[in-house]
Amino acid sequence: MQTQLRTTTCGALRPDNVGQTVTLCGWADTVRDHGGVMFIDLRDRTGLTQVLCDPTEVPAEIWQAVQTVRPEYVLQVTGRVEARPADMVNAKLATGGIEVRSHHITVLNRSATPPFPLDDKEAERVSDELRMTYRYLDLRRPAMQRNLRRRHAVTQAVRAYLDSQDFTEIETPILTKSTPEGARDYLVPSRTVPGTCFALPQAPQQYKQLLMVAGCDRYYQIARCFRDEDLRADRQPEFTQIDLEMSFITPEDIYALVDGLIAAAFVAAGHPAPTLPLPRLTYAEALDRYGSDKPDLRFALPLVNVGEIFAATQFQVFGRVLAGGGVIKALNGKGLAGAPIRIMDDWTAMAKDAGLGGLAYIRVQEDGAWKSPIVKFFSDAEKDALRAALDIAAGDLILFAADDAAVVNTALGRLRLLAAAQAGVIDPAAFALTWVTDFPLFEADAEGGLQAMHHPFTAPCRADAERLESEPLSLRAQAYDVVLNGVELGGGSIRIHEAAYQRRLFAALGMPAAEYEDRFGHLLRALEYGAPPHGGLALGLDRLMMLLGGADSIREMIAFPKNQKAMDLMMNAPAAVSERQLRDLGLRFLAAAPSE
RNA sequence: GGGGGCGUAGCUCAAUCGGUUAGAGUACCAGACUGUCGAUCUGGGUGUUGCGGGUUCGAGUCCCGUCGCUCCCGCCA
């Protein structure tokens, strides 16, 4: 990175360079003033180099100037590389074997006192609010520099991999059309067509399908997506997907391709490649066994269906549920019998929040005795069967849920995660990847209607396709997710490539013909002109980087993220705009902007 | 929209049962110091206890309201 202002970087010098005269540029990291001699650790993104300044070796005015140097001042230093005496080598620094004995130092810029310490350990404890307000300082920290560099390495590897698989990177519009059945759209009012709005894309979904119709065969894009929904630690209103689509494929082609893509990303991020092929789980299996369509497989802790054991139970609560077509499942929290009351209260509250009437449990004491408010209703045969089914031993905590399958799975699925965390069985360094396949095509929406589980362009499994109108909720989709450590990394599907079936599907969703022709006419028309069978997938790049980097929020992996109210605290966006701008757009606000 | 947590010095935090002049580390400022590398030593407190109201002889502490940040549920085809 040699330039007119420097000959080398702050992370580059080694004992081999001793004797060379070099010029470095960077930020003063720490300044150690001994009166008669000064040490300045000079930092750039590549590392730290110790600069020594001796008043007998620099002009007086430079010595004067150096006295004023504070952390984050920007310096240009020229000097000779010298070996450090053996007892002064700093093993913690890559450059610790040498130092630069300066004979000229220029203060390129001064710095105000930083609002928070630019030290990786200290800064991690500083509020996100401050870090985001001064994001350019936060990003100066080595840890954040590493995150940015690692993200770059992964996107480079993704591009190289997809290029090797004959993909073409194609950009699609940011100003596009609203498709209101997904997330809430971000809207951009049009000046040239008054009274209308563009929407920012929630995903390049329709464009990439149209690129398949166009014969592109294999498309990808590192695509920015926008969804105006409430934020989470792993959800930002704008985020990045590795978006791809292929023609003439089945799901097997996607699995094989994406397995390789993920392996390339792991390696680029400095991790061992996962064992391929990645394991697969059907949606039905995932829900049954783990209570979630994005199971964390870093640990087992399976949900066990104990309905048969209680087929003839005397326990009214269980009996009523079974008679009503519900299910009874249990999970064995190994070693959690001693879980404090406070924890159990939290878990019970969570179970109720998930829809359960209450949380039944058995604490298995050290002497093997079962302590539980419900066990008195169990017969000896039921107890024996339970013991065998759940591998019950001293110290275990057995949790029961009895209700509709959906409620039971939700509640126990969440409890499974809490119990694993409480038991400390999650290896934070582990990576557990899985495909989840065969999602349902539809789910019931709040009003009892149908809603596409993935999106309305998803093709059903061929065997199911003709039950579209008769038993829509029974249709499995050719849809799949990739899950890493209990986080949905991404997903996709084989798409409907026949206009007639796409119309049938819109109709099955309860959409009048006039409506789907209006909203999706462009896609339907395209499908009429020889659309190839095609499908694809999108991976959340921010989430992938978060998991690969061991971070607890995707904000750590985004240069300029937004806070929980979707504001950019550094730029102060969103912000009020001028009357003139609004007039041009033909807009008037009903709400006033908050005043400062 | 709902639930939880937090809000005291630039930063990270402490302050007992409601009690006297709100402290510590660090940062910062001044001075000293020729081998440090989280330099050290000496001195210095730089504060609207988020904001507003209330209770009280007395409020950082209790009550009401409000604002901000954050985590989660809902939401996220």
Side-chain angles (χ1 to χ4, degrees), chain A residues 29-42 48-57 67 70-72 82 84-85 87-93 95-96 99 101 112-134 137 178-185 201-203 205-206 225-237 239 346 349-350 352-355 410 414 417-418 439 441-443 445-446 450-458 477 479 488 491-493 505-506 509 520 538 540 552-553 555 563-565 567 569 594:
Chain A
D29 195 72
T30 51
V31 180
R32 296 178 293 279
D33 183 353
H34 288 255
V37 64
M38 267 182 101
F39 298 96
I40 298 172
D41 288 339
L42 199 65
L48 280 182
T49 296
Q50 173 164 288
V51 172
L52 182 154
C53 187
D54 185 321
T56 65
E57 295 167 338
Q67 300 300 300
R70 296 287 178 273
E72 302 312 316
E82 295 193 345
R84 296 201 198 183
D87 56 334
M88 290 171 199
V89 167
N90 186 344
K92 285 188 274 187
L93 288 182
T95 61
E99 63 193 354
R101 183 174 290 269
T113 301
F116 57 91
L118 298 194
D119 172 89
D120 282 337
K121 266 208 216 60
E122 299 287 326
E124 275 171 22
R125 304 165 62 201
V126 173
S127 72
D128 282 6
E129 185 178 13
L130 241 201
R131 291 177 56 202
M132 279 194 253
T133 304
Y134 297 92
L137 295 179
S178 176
T179 52
E181 62 282 323
R184 201 175 288 111
D185 284 314
Q202 297 178 25
Q205 181 59 36
Q206 294 184 56
C225 305
F226 305 87
R227 296 177 191 178
D228 186 7
E229 296 291 348
D230 286 346
L231 284 74
R232 290 283 190 280
D234 64 353
R235 270 166 35 189
Q236 284 270 303
F239 61 101
D346 285 353
M350 198 234 68
K352 285 182 176 169
D353 189 52
T410 301
R414 289 179 191 168
L417 299 178
L418 294 174
F439 275 76
L441 189 61
F442 299 114
E443 58 192 334
D445 71 13
L450 286 182
Q451 184 177 316
M453 191 145 182
H454 184 51
H455 57 53
F457 319 114
T458 299
E488 181 193 332
S493 64
L505 193 134
F506 284 139
L509 285 170
F520 299 109
D552 53 12
S553 166
R555 289 193 294 257
N563 75 356
Q564 199 165 33
K565 281 181 74 179
M567 299 189 301
L569 294 174

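In what follows, every heavy atom counts, from backbone to side chain, and hydrogens, waters and symmetry copies are set aside.
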Pairing partner of B/G23 (Watson-Crick or G-U wobble, both distances under 3.5 Å): B/C13
Mutual orientation of the aromatic rings belonging to A/F506 and A/F457 [parallel < 30°, tilted 30-60°, perpendicular > 60°]: perpendicular
N/O (side chain, A/Q564) to phosphate O (OP1/OP2, B/C71) under 4.0 Å: yes
Main-chain N/O of A/V89 paired to A/R84 side chain as donor or acceptor, under 3.5 Å: no
Distance, P atom - from B/G60 to B/U8, rounded to whole angstrom: 15 Å
Selection from B/C76, B/C11, B/U34 that lies nearest to any side-chain heavy atom of A/D54: B/U34
side-chain N/O A/K121 vs B/G38 OP1/OP2, d < 4.0 Å: no
Identity of whatever pairs with B/C41 - Watson-Crick or G-U, under 3.5 angstrom: B/G31
Nucleotide B/C75, atom P - distance to CD of A/Q202 in whole Å: 16 Å
Polar pair under 3.5 Å, donor/acceptor by atom type, side chain A/R84, base B/C37: yes
For atom CG of A/L118 and atom P of B/G38, their distance in whole Å: 17 Å
Whole angstrom value for the distance that separates P of B/C67 from CE of A/M567: 13 Å
Nearest-nucleotide pick for A/A233, side chain only, options being B/C33, B/G35, B/C71: B/C71
C1' gap between B/A9 and B/C29, integer Å: 15 Å
Identified pairing partner of B/C6, criterion: Watson-Crick or G-U wobble below 3.5 Å: B/G68
Span that lies between the C1' atom of B/G18 and that of B/G3, in whole angstrom: 30 Å
Any donor-acceptor N/O pair under 3.5 Å between B/G3 base and A/D353 side chain: no
Steps toward salt bridge (charged side-chain N to carboxylate O under 4.0 Å, His left out) verdict (A/E57, A/R101): CA-CA 9 Å; A/E57 295 167 338; A/R101 183 174 290 269; 3.0 Å; yes
Centroid distance under 5.5 Å and plane angle under 30°, A/F39 vs B/U36: yes
4.5 Å side-chain heavy-atom contact, A/L137 and A/L118: yes
Expected output: side-chain A/T30 to main-chain A/D41 donor-acceptor under 3.5 Å: no
Within 6.0 Å of OH in A/Y134, more than 12 heavy atoms from elsewhere: no
A/E72 side-chain N/O to A/T113 backbone N/O, donor-acceptor pair under 3.5 Å: no
Pairwise C1' distance for B/U61 and B/G23, with rounding to whole Å: 15 Å
C1' gap between B/C33 and B/C11, integer Å: 28 Å
Under 4.0 angstrom between A/S127 side-chain N/O and B/G7 OP1 or OP2: no
Derivation and outcome, side-chain contact (heavy atoms from CB on, under 4.5 Å), residues A/R70 and A/V31: CA-CA 7 Å; A/R70 296 287 178 273; A/V31 180; over 6 Å; no
Whole-angstrom distance between B/C63 and B/G4, as gauged at atom P: 14 Å
Short side-chain N/O contact to B/C71 OP1/OP2 from A/R555, under 4.0 Å: yes
Protein-nucleotide distance (A/M88, atom CE; B/U34, atom P), rounded to Å: 15 Å
Pairwise 5' ranking along RNA chain B for A/L569 and A/T30, keeping only the more 5' one: A/T30
Any A/R232 side-chain nitrogen or oxygen under 4.0 Å from OP1 or OP2 of B/C73: yes
Spacing of A/N90 atom CG relative to B/C37 atom C1', expressed in whole Å: 6 Å
Touch class at under 4.0 angstrom, heavy-atom based, for A/M453 against every strand present: sugar-phosphate
Sugar-phosphate, base or nothing in reach of A/D87, heavy atoms under 4.0 Å: nothing
Short side-chain N/O contact from A/R32 to OP1 or OP2 of B/U36, under 4.0 Å: no
A/H34 NE2 - B/U42 P separation (whole Å): 16 Å
Under 3.5 Å donor-acceptor, A/S553 side chain and A/A233 backbone: yes
Atom pair distance, as rounded to whole Å: CD in A/E99 and C1' in B/U34: 12 Å
Gap in Å between the two C1' atoms, one belonging to B/U21 and one to B/G45, rounded: 13 Å
Touch class at under 4.0 angstrom, heavy-atom based, for A/L52 against every strand present: base
Watson-Crick or G-U wobble mate for B/C75, both contacts under 3.5 Å: none
P atoms of B/A22 and B/A59, separation to the nearest Å: 13 Å
Base B/C76 paired with A/R227 side chain (donor-acceptor, <3.5 Å): no
Counter-base of B/G60, judged by Watson-Crick or G-U geometry with both distances under 3.5 Å: none
Euclidean distance, atom CD of residue A/E72 to atom P of B/C11 [Å, nearest integer]: 17 Å
A/T56 vs A/P114, nearer the 5' end of RNA chain B by closest nucleotide: A/P114
Sugar-phosphate only, base, or nothing, as touched by A/A203 at under 4.0 Å among non-hydrogen atoms: base
Base of B/G74 paired with side chain of A/R184 (donor-acceptor, under 3.5 Å): no
Donor/acceptor link under 3.5 angstrom from A/E129 side chain onto base of B/U70: no
